[in-house]
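Reminder, nothing fancy here: chain letters follow the sequence lines and each chain counts from 1.
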2 protein chains.
Amino acid sequence: MRIEDEIQQREFTDDYRRLLVNLLFTNNWVNQQQLSFFKQFGLTQQQHNVLSIVRGQHPSPVCFGDIQNRMVDRNSNVTRLVDKLIEKGYVTRDICAANRRMIEVRLTPKGLEKLTQIDSYLPQLLERFHNLSSEEAVLVSNLLDKLRG
Amino acid sequence: MRIEDEIQQREFTDDYRRLLVNLLFTNNWVNQQQLSFFKQFGLTQQQHNVLSIVRGQHPSPVCFGDIQNRMVDRNSNVTRLVDKLIEKGYVTRDICAANRRMIEVRLTPKGLEKLTQIDSYLPQLLERFHNLSSEEAVLVSNLLDKLRG
DNA sequence: ATACATTGGTTGTATATACAAATATTAGTA
DNA sequence: TACTAATATTTGTATATACAACCAATGTAT
């Protein structure tokens, strides 16, 4: 459905303005898909993102700074996200012996199991994007990379 | 810059997964652009969106439901957004005589002036998207329309 | 060593979001 | 007319965001 119809707006005067609005509108749509998907596993998108990053180094630990830099949403507060994940028993935190300013985050078996469970359902989430062919998906991705410069 | 490098991740196994992550990451980038742009005018993106919608019907009033339906971010709480805009003197609200459940929102001269001022700076915001040619901007927009189905 | 800057993480706070429940008015209908 | 449903907006609340200020550990220069 054309963005003009979605938000009941006449033609845009500027192609870039249309793109801006379309990106924001589409993001809300994507967010909605993700929100409902992760909710069934009792996680937020950001919590899942942190878990995945920690798994990326597993069984080595990851420090907060690394998590921050690898997050899709850089505005998240890693301290508070990790707190939530500890409460749920999915990760542990320890002060790094080599540099006591740093915190080492590690995945627990329970956290790994949770991620594995979510993995098996991921195709269901991605299915919602199959209105685009995989060639088109690649094309959009590459253009977004170019957009950000 | 490739999304893989932005978030320090190896190749994605799935083109749709890459697209999903890229959309979310790009949205944060876009948001950052918008946030800093509108901040200099003392407005949030959503407040500006509401103002623009009200101007769209000016000098006729717009009711909350119409605002809701035309907003780029549908999750916003129109009641509270309009409260803010009234505080700032940019809109007025009145109970609709014909249907007293409805609220009529109207732009004030001050609100119109503010919008006009912002308009004159909009090209500065859109300039940040000029890494894409206008043909590419149209292409991405159309693919996003297709993605949402 | 001491002072100062930097790094890595934490905390506080105002505002915004998501979502459910509540209220008020109008419309439909038996 | 009274009853019920539908519509339009408001309110409450738990959680999340943006952003600044803070603290502790380490590095560096004198």
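- Side-chain atoms of A/R2 and A/N22 include no donor-acceptor pair closer than 3.5 Å.
- Taken residue by residue, residues 75-100 of chain B places heavy atoms nearer than 4.0 Å to DNA chain C at B/N75, B/R80, B/K84, B/N99, B/R100.
- Going from atom CD of B/Q32 over to atom C1' of D/dA18 covers 9 Å, rounded to whole Å.
- The distance between atom CG of A/N31 and atom C1' of D/dT15, rounded to the nearest whole Å, is 15 Å.
- When the C1' atom of C/dT6 is taken as reference, atom CE of A/M102 falls 14 Å away, rounded to whole Å.
- Of the candidate nucleotides D/dT9, C/dG9, D/dA18, D/dT9 has the atom lying nearest to any side-chain atom of B/I103.
- Rounded to a whole Å, the CD atom of B/Q45 is 12 Å from the C1' atom of D/dT17.
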Apply side chain to side chain contact (heavy atoms under 4.5 Å, CB included) to B/L144 and B/L23, showing your working.
CA-CA 10 Å; B/L144 292 178; B/L23 281 168; 3.9 Å; yes

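- Between A/F37 and A/Y121, the distance separating the two ring centers is not shorter than 6.0 angstrom.
- Comparing A/C63 and A/N28 against DNA chain C, the residue whose closest nucleotide sits nearer the 5' end is A/C63.
- For the 3.5 Å distance criterion, the side chains of B/Q8 and A/D66 fail to qualify, holding no donor opposite an acceptor.
- Taking 4.0 angstrom as the limit, A/K39 places a side-chain polar atom (N or O) nearer than this to OP1 or OP2 of C/dC19.
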Under the criterion side chain to side chain contact (heavy atoms under 4.5 Å, CB included), I'd like the reasoning laid out for B/L24 against A/V30: C-alpha separation, chi angles, the key distance, then a yes or no.
CA-CA 8 Å; B/L24 295 168; A/V30 172; 3.9 Å; yes

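- Screening B/H48, B/Q47, B/K110 against B/Y90 for a side-chain contact (heavy atoms from CB on, under 4.5 Å) leaves a single residue, B/K110.
- Counting distance only, with no hydrogens placed and no angle test, the side-chain atoms of B/R101 and the base atoms of D/dT7 include a donor-acceptor pair under 3.5 Å.
- If you take CZ of A/F64 and C1' of D/dA24, they are 15 Å apart, rounded to a whole angstrom.
- The CG atom of B/L43 sits 15 Å away from the C1' atom of C/dA16 (whole-angstrom rounding).
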Could you list the donor-acceptor pairs under 3.5 angstrom formed by side chains in residues 53-62 of chain A, with sequence neighbours left out?
from  : atom 1 : to     : atom 2 : distance (Å)
A/R55 : NH1    : A/D119 : OD2    : 2.8
A/R55 : NH2    : A/D119 : OD1    : 3.4
A/R55 : NH2    : A/D119 : OD2    : 3.4

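- Protein atom CG of A/D73 is 14 Å distant from nucleotide atom C1' of C/dA16, rounded to whole Å.
- What separates CG of B/N27 from P of D/dT17 is a distance of 12 Å, to the nearest Å.
- Taking only side-chain atoms of B/T44, from C-beta outward, the nucleotide of C/dG9, C/dA16, D/dC19 with the closest atom is C/dA16.
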